[in-house]
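To keep things clear, I will list the structure first and then write my remarks on it.
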2 protein chains.
Amino acid sequence: MTEKQEKILTAALELFAQEGYKVTSTSKVARQAAVSEGLIFRHFKNKEGLLDAIMKEGEKRAKLLFADIVLETDPKTVILKTLEMGIKTVQNQSESNFWKLQYKIKWELEEYNAHKVEPLLYALVRAFEKLNYPEPEFEANSLMILIDGLAMRYFLDQQFEIDGQIEFLKRKYNL
Amino acid sequence: MTEKQEKILTAALELFAQEGYKVTSTSKVARQAAVSEGLIFRHFKNKEGLLDAIMKEGEKRAKLLFADIVLETDPKTVILKTLEMGIKTVQNQSESNFWKLQYKIKWELEEYNAHKVEPLLYALVRAFEKLNYPEPEFEANSLMILIDGLAMRYFLDQQFEIDGQIEFLKRKYNL
DNA sequence: TATATTTGTAAGTGATTACTCACTATGACA
DNA sequence: TGTCATAGTGAGTAATCACTTACAAATATA
């Protein structure tokens, strides 16, 4: 991975996350990366290849993040870590861009990929089981859906105060 | 409102909701509406004017939908109607396209417009107050966030079974 | 019926798109 | 040192973009 290759990836991640994938031109990516446009196609074949490289890079980081939760045995800690996962990662700039891109891409390309979060979902089901919730599957699903909603508000609503809302949810789940 | 004008609006709503606003070309809208491209600009001035017309038309329908909930006095019915609002409207094709466009536009243009749903939010706060929930504001907000998450899954995840999830939520809220 | 206004079309406009191609610069290894 | 692969550039390409313009058809008004 050369220096310019990384510059292209960083520029593309930022632009795709902020403006959107389809509407961001390769010329704009090249300009922001201070690189000739042709170099993008040399390294990543085409625009889609550039997106793939970004997503693959990001998936690694996501797996690391999920692993910490899935390996947890205490049920309350599983739920707590799941709830706090969002805020913590989102502080970091490039990490934030990656998660924003994940959601933006879902709406742009209309593919949800529920299987990506399956391990996390199962960890939550087990956690709610241990805590004797009557319907652990539905409960886990609801929490995942709630987190999608939280992410949406966090990224799109400037006014939204996510910390207070998450503190409330901790109280609700007796954490 | 001429016949061709309505044809343009219908075609644009469908294409904007399915492909996205920015990436849908005016020539494609014209082709789907079986109309010359120039007519779009005659009637709606520019592409943005076309989007505005669609959104304004849809806001009327949204207000009608919200009014039915906001005017309700029984707190449990307010929560119930809010939960079921989604599924009912989404059955109808053009209504479904309108709601999908609402969400898609949020991500494409990055403007959340929380004030649009303010009346609904306040109705929920009052409902949770009446039911003696300890933190009605947070509770109402959580429900709204949950609904955003539900909508996201409904529109993007083919596998997602929304009815079961909503029945579960009814049980959780003792409805 | 004569005139004015609105509705509609088709063929343009320059700008921008993703991508290619011919070329040069750099560095590793024989 | 000479050769070869990789890294990088900049000027091209046809296609498509939102939008305009000149003109015709249809409709309303006098």
Side-chain angles (χ1 to χ4, degrees), chain A residues 1-58 97 100-102 104-111, chain B residues 1-58 97-98 101-102 104-111:
Chain A
M1 179 92 79
T2 62
E3 184 191 330
K4 301 213 171 184
Q5 220 166 336
E6 289 200 57
K7 272 192 158 185
I8 292 170
L9 284 174
T10 309
L13 172 59
E14 190 178 324
L15 288 169
F16 289 174
Q18 270 161 25
E19 324 264 345
Y21 165 64
K22 287 182 188 168
V23 300
T24 299
S25 65
T26 49
S27 73
K28 199 170 181 180
V29 173
R31 211 177 312 131
Q32 174 138 333
V35 143
S36 73
E37 196 179 353
L39 193 60
I40 292 174
F41 297 92
R42 159 123 314 168
H43 284 310
F44 304 99
K45 194 185 173 194
N46 52 31
K47 196 182 169 185
E48 203 186 337
L50 178 55
L51 178 63
D52 288 345
I54 291 172
M55 300 296 271
K56 201 168 282 180
E57 176 63 32
N97 276 338
K100 188 172 175 181
L101 180 60
Q102 291 298 114
K104 243 187 158 154
I105 280 293
K106 282 181 218 270
W107 283 99
E108 235 187 296
L109 307 182
E110 300 216 2
E111 44 191 33
Chain B
M1 180 93 81
T2 62
E3 184 193 333
K4 300 212 170 183
Q5 220 166 337
E6 288 200 57
K7 272 191 157 185
I8 292 170
L9 283 174
T10 308
L13 173 60
E14 191 177 325
L15 288 169
F16 288 173
Q18 269 161 25
E19 322 264 345
Y21 164 63
K22 288 182 189 169
V23 300
T24 300
S25 65
T26 49
S27 72
K28 200 170 180 181
V29 173
R31 211 178 312 130
Q32 173 137 332
V35 143
S36 74
E37 195 180 353
L39 194 59
I40 292 174
F41 296 91
R42 161 123 301 158
H43 283 311
F44 303 99
K45 191 186 173 194
N46 52 30
K47 197 182 171 186
E48 202 186 337
L50 178 56
L51 178 63
D52 288 345
I54 291 172
M55 299 296 270
K56 202 167 281 180
E57 176 63 32
N97 276 339
F98 166 68
L101 180 60
Q102 292 297 114
K104 246 189 156 153
I105 281 293
K106 281 182 219 269
W107 283 98
E108 236 187 296
L109 306 184
E110 301 216 2
E111 45 190 31

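Protein chains get the first letters and strands the later ones, always in sequence-line order, with residue 1 at the start of each. Below, all heavy atoms of this structure are taken into account, side chains as well, without hydrogens, waters or symmetry copies.
With Val29(B) as reference, Leu15(B) is the one residue of Val35(B), Leu13(B), Leu15(B) to meet the side-chain contact (heavy atoms from CB on, under 4.5 Å) rule.
Between the CD1 atom of Ile40(A) and the P atom of dT17(C) there is a distance of 12 Å, given to the nearest Å. Rounded to a whole Å, the NZ atom of Lys45(B) is 14 Å from the P atom of dT21(D). dG10(D) atom C1' lies 13 Å from atom CZ of Arg42(A), rounded to whole Å. As rounded to whole Å, 12 Å separates atom P of dT17(C) from atom CG of Leu15(A).
Taking only side-chain atoms of Glu37(A), from C-beta outward, the nucleotide of dA18(D), dC19(C), dT9(C) with the closest atom is dC19(C). In this structure, the nucleotide among dT9(C), dG8(C), dA18(C) sitting nearest to the side chain of Lys47(A) is dA18(C). Side-chain atoms of Leu39(A) lie closest to dT9(D) of the nucleotides dA18(C), dT9(D), dT7(C). Closest approach to the Ser25(A) side chain among dT17(C), dA18(D), dT9(C) is made by dT17(C) (side chain taken as heavy atoms from C-beta onward).
Under the 4.0 Å criterion applied to side-chain N and carboxylate O atoms, Lys22(A) and Glu108(B) are not assigned as salt-bridge partners.
For the OP1/OP2 pair of dC17(D) and a distance below 4.0 Å, the side-chain nitrogens and oxygens of Thr26(B) include no atom meeting the criterion. Of the side-chain N and O atoms in His43(B), one or more sit less than 4.0 angstrom from OP1 or OP2 of dG8(C). Remark: Ser27(A) is not in phosphate contact with dT16(C), judged by side-chain N or O atoms under 4.0 Å from OP1 or OP2. Distances shorter than 4.0 Å separate some side-chain N or O of Lys4(B) from OP1 or OP2 on dT9(C).
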